[in-house]
Number of protein chains: 2
Amino acid sequence: MPKMGQAAARKRAFVEAAIASIHKKGIVALTMADVAREAGVSAGLIHHYLGSKDQLLHATMRHLLHELQQILKHRLSRAKNPHKRLEAIIESNFTSEQMRPEVVSAWLAFYVQAQRSDSLSHLLHIYSRRLQSNLTAGFAAHDMPLARARIAAESTAALIDGFWLKAVLVEGVMNHKHAVKVLKRHVAQQIEEASATGIA
Amino acid sequence: MPKMGQAAARKRAFVEAAIASIHKKGIVALTMADVAREAGVSAGLIHHYLGSKDQLLHATMRHLLHELQQILKHRLSRAKNPHKRLEAIIESNFTSEQMRPEVVSAWLAFYVQAQRSDSLSHLLHIYSRRLQSNLTAGFAAHDMPLARARIAAESTAALIDGFWLKAVLVEGVMNHKHAVKVLKRHVAQQIEEASATGIA
DNA sequence: ATCTTTTTATTGATCACTCAATCAATAAAA
DNA sequence: TTTTATTGATTGAGTGATCAATAAAAAGAT
């Protein structure tokens, strides 16, 4: 069935297969043969399209970041007031796509991988800063002093990561809806507390 | 130099070497030869004392949990009032020992490993529940309704993990002292907010 | 004290196996 | 007929684990 110009679609399929395989076998035991089997192709084909195991994993990690960014961008564009924008940021991190067990496993593998790769840790840095600045802007729009907005953003970002990590580790215990509820509560609390001390 | 009854000390040394090696080469690329080199012994000796690579890693992970528990126990025993106990819990997670780059790397590897091992995920479950219950007790002692104490404990636990994860990923950006400061601030805020709405 | 015997510690070579990567061969489009 | 897609066998570099061999201490015997 060989057709031409399938490179992009093939790569995407291999990245999906990599995510599924990471979930099934774990990043430590993962082999190219696993990914090939998952994708239903021969062992050599992945090398033909992606060069090496390292490049496959890099492409996979970039895919994860890109997907999250797309979701975030989409939801932010639909949020009109600052408060909705804060909620959009929270919700983007707990969509059903982001909470898929395969995706969650792949993100954790990403974190492990990022410790040993300058380019991956650089991507993570950029994403982290963007999240921080989005949150800060959201809080600052609530008549909050910048310094306070920064701390509110920092704790909110940490809460997102913390809830997400709990979802990874104790699968089933933490459900998305609860995490989102507590997070929104935290955001509201930050805003209220700031306005209260602002008046006092 | 062979002396007798050195088994315990040897095992401990190998666990330390494993932690250092995980930091240097990463959990994915880690080999027994790496650990042996780090410990300054031959390849076979680790098998003699610990059986297999899997058992070495398990021992390493149990060591990490045990150390954290010891620190926590010690600090809790010195904290007299409930508020000090809450602070002790927070500080235990950000001691200089816990924030050592080698230890931090090993914890992340632990999380990855726990996803594929029932016994490790069980240990993590137990620790997680104990932390939750310690925090809940601390909050509940501040005239806080139990339901509210539980949520305060939940968010505090998530914040601890979130800050810790940031320390892993963007090494250097997040320093312990700042994390502890923000966390204590969060705890105070939870208590204040509860007493405020309790009066209203 | 000195000499055996037993037990423990340690090494390094070796084995069986797995993996990522390569490549010639084939098949199907263009 | 040139280019692209795909396979599957092969290669060569490790890997975890085993094991015989050695060395050193401990225990026992006289």
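Letters go in sequence order (proteins before strands), and every chain restarts at 1. No hydrogens, no waters, no symmetry mates; every other heavy atom, side chains included, goes into these values.
Side-chain nitrogen and oxygen atoms of B:Tyr49 include at least one within less than 4.0 Å of the OP1 or OP2 phosphate oxygen of C:dT10.
In this structure, B:Leu30 reaches the sugar-phosphate backbone alone: every heavy-atom distance under 4.0 Å involves primed, P, OP1 or OP2 atoms, never a base.
When rounded to the nearest whole Å, the span between NZ of A:Lys53 and C1' of C:dC19 equals 8 Å. Look at NE2 on A:His48: it is 14 Å from P on D:dT3, rounded to the nearest Å. Remark: P of D:dA5 and CZ of A:Phe14 are 11 Å apart, rounded to the nearest angstrom. Rounded to whole angstrom, the span from the CG atom of B:Asp34 across to the P atom of D:dG14 amounts to 12 Å. Atom-to-atom, CG of B:Leu50 to P of D:dG16 comes out at 14 Å; the value is rounded to the nearest Å. Nucleotide C:dT8 holds its C1' atom 11 Å from the CG atom of B:Leu45, rounded to whole Å. Regarding A:His47, its NE2 atom lies at a distance of 17 Å from the P atom of D:dA5, rounded to whole Å. Between the C1' atom of D:dT18 and the CE atom of B:Met32 lies a distance of 12 Å, rounded to the nearest Å.
Formation of a donor-acceptor pair under 3.5 Å by the B:His142 side chain with backbone atoms of B:Gly138 is found in this model. With hydrogens and angles disregarded, a donor-acceptor distance shorter than 3.5 Å links the side chain of A:Asp34 to the backbone of A:Thr31. Side-chain atoms of A:Ser128 never come within 3.5 Å of backbone atoms of A:Leu124 as a donor-acceptor pair (strictly under, hydrogens ignored). Checking side-chain atoms of A:Arg116 against main-chain N and O of B:Lys24 turns up a donor-acceptor pair under 3.5 Å.
Judged by Watson-Crick or G-U wobble contacts below 3.5 Å, the nucleotide C:dA30 has D:dT1 as its partner. Across all strands shown, D:dG28 forms a Watson-Crick or G-U wobble pair, both distances under 3.5 Å, with C:dC3.
Between B:Arg75 and B:Glu87, none of the side-chain N atoms (NZ, or NE/NH1/NH2) sits under 4.0 Å from a carboxylate O, so this pair counts as no salt bridge.
Across C:dA20, D:dG16, C:dA21, the shortest atom-to-atom separation from the side chain of B:Thr31 is found for D:dG16.
Along DNA chain C, the nucleotide nearest A:Gly51 and the nucleotide nearest A:Lys25 are compared for position; the residue whose nucleotide lies closer to the 5' end is A:Lys25.
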